[in-house]
Amino acid sequence: MVACAWVADVNESKQSKELRRIRDEVLQECVDGQAKMHTPPVFCRMTALALLAIERPRMRGRREMRLERVIATANEHHGLAGIRDVRWAGVIQTHIVEDAVCCTSPECTWVMMARVLSPTELVVLADSMMRRDPQLKRTSVERLETYLDRLGECPVKVWGLRACRSALRLVRENTDSSMESRVRLVLESYGLGAPEVNHPVVNPHTGRFMYLDMAYIDLKIAIEYDGQFHAD
């Protein structure tokens, strides 16, 4: 078993705990998988999202959940059972997880996911990487932009670069949930404009700050997404 150095905070959210649980399970699978390889792999796409403790988006169609690793050329293909090879022509940024396995960085993972996500889910995924919860914040708009610029300088065409540039215009930092992001995108698709996310207001009776999921400030309209979290 892998000894995980992730120490849970006493105020850790339910979502953070669940993502950490998934991370630990996939981390062990990756350690077991790489033990069968001569060359340490760089895990990518859905596997990288799990290792980075990032909420997984909705996928197109049903997909078999296998470990995925990135390769630069067809000569690197190994055909190992349980692991899917993913060809990638772009600059590969990496991240070391628990000093045990290597995966693509949040920025690299986001662009690689463009091949298997709808335009909406590509925005939702970027939002998920930049949560207001500091325990769930993995990147920023600035870092995504910088990585896209690097890919634009590649001598070969990188699949998904154009889709990511378009998606980045709709991405918002400091959101709280994927469903809030999806609601925001529906509002924008009907021409209502982009609401501000997590707009702070003061409760006049208690003096405490409240954060509105979405707000059209000039119109004094607030929109809240009440999910299952509110049931208890």
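For this chain, numbers begin at 1 and follow the sequence in order. Here the structure is a predicted model, which means the values were calculated and not measured.
Judged by distance alone, with hydrogens and angles left aside, the side-chain atoms of Tyr216 form no donor-acceptor pair with the main-chain N or O of Ala194 at under 3.5 Å. With hydrogens and angles ignored, the 3.5 Å screen pairs a side-chain donor or acceptor of Arg138 with a backbone N or O of Gln135. Listed for the Arg182 side chain is no donor-acceptor partner under 3.5 Å among the backbone atoms of Glu121. A distance-only check finds no donor-acceptor pair linking the side chain of Asp127 to the backbone of Val171 [under 3.5 Å].
Looking at residues two or more places apart in sequence or on another chain, you find a side-chain contact (heavy atoms from CB on, under 4.5 Å) between Glu145 and Val141, Leu168.
With hydrogens and angles left out, the side-chain atoms of Ser13 and Gln15 include no donor and acceptor closer than 3.5 Å. Using modelled atom types, one finds no donor on one side chain facing an acceptor on the other under 3.5 Å when comparing Glu180 with Thr175. Neither side chain, Gln28 nor Asp24, offers a donor N or O lying under 3.5 Å from an acceptor on the other.
Of all non-hydrogen atoms in Gly90 and Leu151, the two that sit nearest each other are CA-CD2, 3.9 Å. Among all heavy-atom pairs drawn from Gln34 and Ala100, the shortest one is NE2-O, 2.9 Å. The shortest non-hydrogen separation linking Arg21 to Glu18 is NH2-OE2, 2.6 Å. Nearest heavy atom pair, residue Arg23 against residue Ala53, reads CG-N, 4.3 Å. In plain terms, the two heavy atoms of Pro57 and Met113 that are nearest each other are CG-CE, 4.2 Å. Among all heavy-atom pairs drawn from Leu122 and Ala167, the shortest one is CD2-CB, 3.9 Å.
A heavy-atom distance below 4.5 Å is not found between the side chains of Val86 and Ile71. Put simply, the side chain of Thr47 reaches to within 4.5 Å of the side chain of Cys30, judged on heavy atoms. Under the 4.5 Å side-chain criterion, counting only non-hydrogen atoms from C-beta, Leu19 is in contact with Leu136. A 4.5 Å side-chain heavy-atom check between His95 and Cys102 finds every atom pair outside the cut-off. Using a 4.5 Å heavy-atom cutoff, the side chains of Glu68 and Ile83 are not in contact. The shortest side-chain heavy-atom distance between Arg131 and Asn174 does not fall under the 4.5 Å cut-off. Counting heavy atoms from C-beta outward, Ser105 and Thr94 have side chains that stay 4.5 Å or more apart. Cys108 has its side chain within reach of Tyr147: a pair of non-hydrogen atoms, C-beta onward, lies under 4.5 Å apart.
Checked for salt-bridge contact, Asp213 and Arg184 miss the test: no charged N lies under 4.0 Å from a carboxylate O. A salt bridge is absent between Arg132 and Glu173; no separation between the charged side-chain nitrogens and carboxylate oxygens falls under 4.0 Å. Note on Arg165 versus Asp149: salt bridge recorded, some NZ/NE/NH1/NH2 to OD/OE distance being below 4.0 Å.
Through ILVMFWY side-chain contacts below 4.5 Å, Val156 is grouped with nothing and stands alone.
Residues Val70 and Leu52 share a hydrophobic cluster, clusters being chains of Ile/Leu/Val/Met/Phe/Trp/Tyr side chains in contact below 4.5 Å. Hydrophobic clustering places Leu117 together with Trp88 (ILVMFWY residues linked when any side-chain heavy atoms are closer than 4.5 Å, directly or through intermediates). In this structure, Trp110 is a member of the same hydrophobic cluster as Met59, with clusters built from ILVMFWY side-chain heavy atoms closer than 4.5 Å. Following chains of ILVMFWY side-chain contacts shorter than 4.5 Å, one can reach Ile54 starting from Val116, so the two form part of one hydrophobic cluster. Ile223 and Tyr211 fall into different hydrophobic clusters, defined by Ile, Leu, Val, Met, Phe, Trp and Tyr side-chain heavy atoms under 4.5 Å apart, directly or through other members.
Around atom CZ of Arg162, no more than 12 heavy atoms belonging to other residues, nucleotides or ligands sit under 6.0 Å away. Atom CG of Asp99 has 12 or fewer neighbouring heavy atoms from other residues, nucleotides or ligands inside a 6.0 Å radius.
Rounding to the nearest 0.5 Å places CD of Glu107 at 9.5 Å from CG of Leu148. Here Tyr225 contributes atom OH and Ser181 contributes atom OG; the two are 11.5 Å apart, rounded to the nearest 0.5 Å. Between the CD1 atom of Ile96 and the CG atom of Leu51 there is a distance of 11.0 Å, given to the nearest 0.5 Å.
Tested against Thr104 for a side chain to side chain contact (heavy atoms under 4.5 Å, CB included), the candidates Gln93, Met112, Arg69 yield a single pass: Met112.
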(Q) Does Val101 form a side-chain contact (heavy atoms from CB on, under 4.5 Å) with Phe43? I'd like the steps, not just the answer. (A) CA-CA 8 Å; Val101 300; Phe43 293 102; 4.2 Å; yes
